[in-house]
Amino acid sequence: MEKRTLKSLTIGDKIKIIEEAKKGVKRKKDIASEFGIPASTLSAILKDKDKILRAVEEVPCLPRRPLIQEKAAEFAKNLSLTFQASSGWLEKIKSRNGIVEKIISEYDSKDIFNAHEFGLFFKYTPDRTLTFKGDTCHGGKKSKERVTVMVGANMTGTKKIKTLLDWKVKTTKVLQKKNVESLTVIYAYNKKAWMLSTIYESWIFDLDKKFFNDKRKVLLFVDNCPAHPKTLLHELKAIRYNAKKFAKNGFRT
């Protein structure tokens, strides 16, 4: 039996599939065959078409990266040019045209925020130390105990976003509910202490509500991470955010 080769679809491919299905000219079976995908994959794409289309609009002033690169490659092919629309090429295009600066220029410095998450191995011991000559130094097993932390602040450093702390337990004898609510951090948990999309959504919606109540419109730069779903962007009232790569020329993180 011949082994099936899995095909990876770009966002551009998915949009083309949605457009073909919308025309109603071809049968779904024919569309699936044309793009080399099983019928189940086609059904999943059409089921999530609203999410896919919203994702394309995540950066209002700039189409999503795959679309730009695919269009550039298409033009190059039509002109018989040897050209690779790489990520580096796209970054230079954005830099030359001042796209990052245009986004940032719409906001006051105090309303431009950057948030970053990282794993903190709080029990991890140093891998080297100082000893006297002749002394015996013994190593030990490295602890993998960790928490995930999300920190953030604005460009001027005058406002910090309340830290999100994600650990693996819901509560302990010390960490009772009444204490959790009085902590100086936002506490979340899951068995692996990883950032989950549900945790992230709760965090960003609470943050958006706070800015909305303060009557502020802010620009937020975050990591481009699978746990940071972009389909929810249209639901935010006070926050506009972009992938963190856009932030590197705007301000230091």
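One-based numbering along the sequence shown. Only heavy atoms go into these numbers, but all of them, side chains included; no hydrogens, no water, no symmetry mates.
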- Test ring-ring contact (aromatic ring centres under 6.0 Å, His included) applied to Y107 - qualifying residues, sequence neighbours left out: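 Listed in chain order: nothing, the list is empty.
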Please enumerate all residues that pass salt bridge (charged side-chain N to carboxylate O under 4.0 Å, His left out) together with [X], with sequence neighbours excluded.
{"X": "K23", "result": "E20"}
{"X": "D30", "result": "R27"}
{"X": "K210", "result": "D214"}
{"X": "D111", "result": "R216"}

Residues which pass side-chain contact (heavy atoms from CB on, under 4.5 Å) with [X], listed by chain and number, not counting sequence neighbours:
{"X": "K28", "value": "L42, L46"}
{"X": "A44", "value": "none"}
{"X": "K168", "value": "E145, A193"}
{"X": "V151", "value": "F118, V149, T163"}

[X] side, atom [atom1]; [Y] side, atom [atom2] - distance, nearest 0.5 Å:
{"X": "K16", "Y": "I45", "atom1": "NZ", "atom2": "CD1", "result": "13.0 Å"}
{"X": "K49", "Y": "E19", "atom1": "NZ", "atom2": "CD", "result": "12.0 Å"}
{"X": "M155", "Y": "L219", "atom1": "CE", "atom2": "CG", "result": "10.0 Å"}

- Item | side chain to side chain donor-acceptor pair (under 3.5 Å) partners of S105, counting only residues at least two apart |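 Applying side chain to side chain donor-acceptor pair (under 3.5 Å) to S105 gives none.
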- Item | Which residues share a side chain to side chain donor-acceptor pair (under 3.5 Å) with N190, sequence neighbours left out |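 Result, side chain to side chain donor-acceptor pair (under 3.5 Å) vs N190: D166.
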- Within one Ile-Leu-Val-Met-Phe-Trp-Tyr cluster: I204 and L196, side-chain cutoff 4.5 Å: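 Looking at the clustering, L196 is in the same group as I204.
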- Would a hydrophobic clustering, with Ile, Leu, Val, Met, Phe, Trp and Tyr connected at side-chain separations under 4.5 Å, put V185 with V169?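 Yes, same cluster.
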Are the side chains of [X] and [Y] in touch, meaning some heavy atoms are under 4.5 Å apart?
{"X": "L207", "Y": "K162", "answer": "no"}
{"X": "K14", "Y": "F35", "answer": "no"}
{"X": "I112", "Y": "F221", "answer": "yes"}
{"X": "F113", "Y": "F211", "answer": "yes"}

- Task: Sorted by first residue and then second, give each salt bridge (Lys or Arg N to Asp or Glu O under 4.0 Å) pair with at least one member in residues 78-89; sequence neighbours left out.
- Result: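 For residues 78-89, and leaving out neighbouring residues, there are no salt bridge (Lys or Arg N to Asp or Glu O under 4.0 Å) pairs at all.
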- Indicate the atoms forming the closest heavy-atom contact of F212 with A238, along with that distance.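 Heavy atoms only, the tightest pair is N-CB, 3.6 Å.
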- Item | Least distance between heavy atoms, K110 atom then N154 atom |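 Reported closest heavy-atom pair: O-ND2, 3.1 Å.
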- Item | Verdict with supporting geometry, M150 and L165, side chain to side chain contact (heavy atoms under 4.5 Å, CB included) | CA-CA 7 Å; M150 172 79 86; L165 179 67; over 6 Å; no
- Item | Check against side chain to side chain contact (heavy atoms under 4.5 Å, CB included), I199 and L164 | CA-CA 10 Å; I199 294 175; L164 171 65; 4.0 Å; yes
- Query: Going by the angle between their ring planes, with limits at 30° and 60°, are Y200 and W203 parallel, tilted or perpendicular?
  - Reply: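 Y200 and W203: tilted rings.
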- Would L120 and T148 count as a side chain to side chain contact (heavy atoms under 4.5 Å, CB included) if you check the C-alpha gap in whole Å, the side-chain angles of each, and the deciding distance to 0.1 Å? CA-CA 6 Å; L120 177 63; T148 296; over 6 Å; no
- Message: Would I161 and L220 count as a side chain to side chain contact (heavy atoms under 4.5 Å, CB included) here? Give the steps.
- Response: CA-CA 11 Å; I161 296 174; L220 175 66; 4.3 Å; yes
Keeping [X] on the side-chain end and [Y] on the backbone end, is there a donor-acceptor pair under 3.5 Å?
{"X": "S43", "Y": "A39", "result": "yes"}
{"X": "D208", "Y": "L236", "result": "no"}
{"X": "K217", "Y": "K237", "result": "yes"}

- Neighbour count >12 (heavy atoms, 6.0 Å) for atom CZ, F75: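 Open.
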